[in-house]
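Read through the structure below, which is laid out as structure tokens, and then see the notes.
Quick note: numbers below take in every heavy atom, side chains included, and nothing from hydrogens, waters or symmetry partners. For ligands, and for the atoms within them, numbers begin at 1 and follow the listed sequence. This is a predicted model, so every value here is computed, not measured.
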Amino acid sequence: MKNIKKEISIVMGSQSDWKTLIKCEEIFLKFDIPFEKKIISAHRTPQRLYKYATNLSESSIKVVIAGAGGAAHLPGMISSLTYLPVLGVPIETKTLSGIDSLLSIVQMPAGIPLPTLAIGDAGAVNAALAAISILGLTDKNIKKRLISFRKNQTESISETPS
Ligand code: RP5
């Protein structure tokens, strides 16, 4: 994937978030869409966060997926530092089951948007599909792959339980 233009970025607050955000990777691999992935902590690596988010507009990235848990400031901070769409994924936590992450990410002040997905794996999968849908607005090929994915998914649902 070295010289391929990457249009999606997956950013996470910690290595421990990867077990959730790997669900995004699985979707992008299935769709053959190049992406980059980074660990950037709003609290532990604030300078890395500022540098990465402010440089996004100079890169080929079009959509950012940001996942964090607990006091999950990462997605909102990235959104505040870029004009690109940022999709927030609340990571499930041991102490509060991810309700803490969800509320930290979703309750943004008016003016800085942060579309927020479900807590955990479903949120990660849907963030990837939402990012693909955004790219599909201007890329017919990606749109075709998304339509086919949805069709296959519908066809795979049995009418009767086994
Ligand atoms: C957040 O703190 C991360 O997004 C992670 O979900 C949470 C816990 O991080 P670790 O202590 O597992 O590194 O910044």
> Could K151 and E155 be called an ion pair, given the rule that one side-chain N must be under 4.0 Å from one carboxylate O?
Replying inline: yes
> Are the side chains of E7 and I33 in touch, meaning some heavy atoms are under 4.5 Å apart?
Replying inline: no
>> Show me the pairs that pass side-chain hydrogen bond (donor to acceptor under 3.5 Å, both in side chains) and involve residues 85-97, at least two apart or across chains.
In response: T93-D100
> In order of chain and number, which residues sit within 4.0 Å of ligand 1 by heavy atom?
Replying inline: G13, S14, S16, D17, R44, A68, G69
> Atom CE in M77, atom NE2 in H43: separation rounded to 0.5 Å?
Replying inline: 9.0 Å
>> Measuring from atom OG of S9 to atom NZ of K37, what distance do you get when rounded to the nearest 0.5 angstrom?
In response: 11.5 Å
>> So for atom CZ, which belongs to F149, do other residues, nucleotides or ligands contribute more than 12 heavy atoms lying within a distance under 6.0 Å?
In response: yes
